[in-house]
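Note sheet for the following structure.
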There are 2 protein chains.
Amino acid sequence: MTTENAERLTIGEVAQAAGVAATTLRYYEREGLLSPTDRSRAGYRLYDDGAVERLEFVRAAQAVGFTLDDIRALLELNGDSPCKEVQALIERRLTEVDEKLADLTRVRSTLADALQRCRKSKKGCAVVADLKRKRGKRRSK
Amino acid sequence: MTTENAERLTIGEVAQAAGVAATTLRYYEREGLLSPTDRSRAGYRLYDDGAVERLEFVRAAQAVGFTLDDIRALLELNGDSPCKEVQALIERRLTEVDEKLADLTRVRSTLADALQRCRKSKKGCAVVADLKRKRGKRRSK
DNA sequence: ATACACCTTACACCTACATGTAAGGTCAAG
DNA sequence: CTTGACCTTACATGTAGGTGTAAGGTGTAT
């Protein structure tokens, strides 16, 4: 597939562009996360370039802890959904994201503190002690 | 186990305090994340209350996407490690955390934007369109 | 002294998220 | 017109992070 059609990408091209394996794209299709817009005569999957953006959104959301199920739910939202439900879902997700941000910030400051002390002391650095002393509210999903 | 010894907690007590299953604690022990400080005559695991803090750190770190392996590495750091290595590890983790913060912030603003539009429009809300338009740099771990 | 909730080990099983493998079809280049 | 990189499907396997189950011991309340 070297014919630069400038609108229809094969699975390999999309995969390369987004930095995932082609097999992963087929998997995402089965899971309803991203379908090719078309097929070639031979049955090859053909994607438009929006697919790459969408895929990048999926990966970013995944990197911060959303499951594929969560992400599918977000991606499935469209003009046909009753606005109430859409709003509620988005609000729930926002709350989750904010909790994650709080956790992450906490972990970050633990690490930063540990690094500080580590730099200060000529000798070994008791990071474990630091970690053990750190506190925070519960989160379990 | 109802005897309040005020320093030695059984697995069930720790589990309850931290909001995880006792089986999970045994699993963490096998994985080297958290060991009881002692055993009773009968072989019951006995933890000091630092265990709860430690466990909370584990869960918070996990909630924001660290693997148990990552977390073990952090927790294993101690005064015996050469400071150079310790620093390097912490620095690497800090970088990861900052990348996660960036991703998370991006996802957050996508959601917030979507919610805005959703509130504005009387009718359906094209969230998918929003998501597709959002961009960001690669992250795949 | 017996019920009952808790603990022990060992091992099988589960879900999410892929990845690999086999068996075959497609297509542009040499 | 064949080579070799790509694509197809279907199915098996792998890893992380647990959960469940069986078979048995513990400890305290009644």
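When reading the values below, keep in mind they use all heavy atoms of this one structure, side chains included, and skip hydrogens, waters and symmetry mates. Residue numbers start from 1 in every chain, and the chains themselves are labelled A, B, ... in the order their sequence lines are given, proteins ahead of strands.
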Between B:D98 and B:T95, do the side chains contain an N or O donor and an N or O acceptor separated by less than 3.5 Å?
-> no
Ignoring hydrogens and angles, are the base of C:dG25 and the side chain of A:Y44 linked by a donor-acceptor pair under 3.5 Å?
-> yes
Under 4.0 angstrom between B:R72 side-chain N/O and D:dG17 OP1 or OP2 | no
Ignoring backbone atoms, establish whether B:R26 has a side-chain N or O less than 4.0 Å from OP1 or OP2 of C:dT8.
-> yes
Quick one: do B:R59 and B:E53 make a salt bridge, cutoff under 4.0 Å?
-> no
Take the protein atom CD1 of B:I71 and the nucleotide atom P of D:dG18, then report the distance between them rounded to whole Å.
-> 9 Å
Is it true that a side-chain atom of B:T24 and a backbone atom of B:V20 form a donor plus acceptor pair closer than 3.5 Å?
-> no
What residue among A:I11, A:V52, A:T10 forms side-chain contact (heavy atoms from CB on, under 4.5 Å) with A:Y47?
-> A:I11
Is the shortest side-chain N to carboxylate O distance from A:K100 to A:D103 below 4.0 Å?
-> no
Quick one: is D:dC7 close enough that its OP1 or OP2 comes under 4.0 Å of any side-chain N or O from A:R45?
-> no
Below 4.0 angstrom from OP1 or OP2 of C:dC7, is there any side-chain N or O of B:T10?
-> yes
How long is the line joining CZ of B:R39 and P of D:dG27, in whole Å?
-> 13 Å
Can A:E29 and A:R39 be counted as an ion pair, charged N to O under 4.0 angstrom?
-> yes
How many Å lie between CD on B:E29 and C1' on C:dC7, as a whole number?
-> 13 Å
Quick tally for nucleotides 11-20 of chain C: nucleotides whose base has a protein heavy atom under 4.0 Å get B, sugar-phosphate-only ones S, the rest -, giving ------BBS-
Charged N to carboxylate O under 4.0 angstrom, B:R93 versus B:E96?
-> yes
When rounded to whole Å, the CG to C1' distance for the pair B:L25 and D:dT19 reads 14 Å
Separation of D:dA5 atom C1' from A:Q16 atom CD, nearest Å, is 13 Å
Quick one: is D:dT26 close enough that its OP1 or OP2 comes under 4.0 Å of any side-chain N or O from B:R41?
-> no
Mind calculating the distance between CG (B:L46) and P (D:dG27) to the nearest angstrom?
-> 10 Å
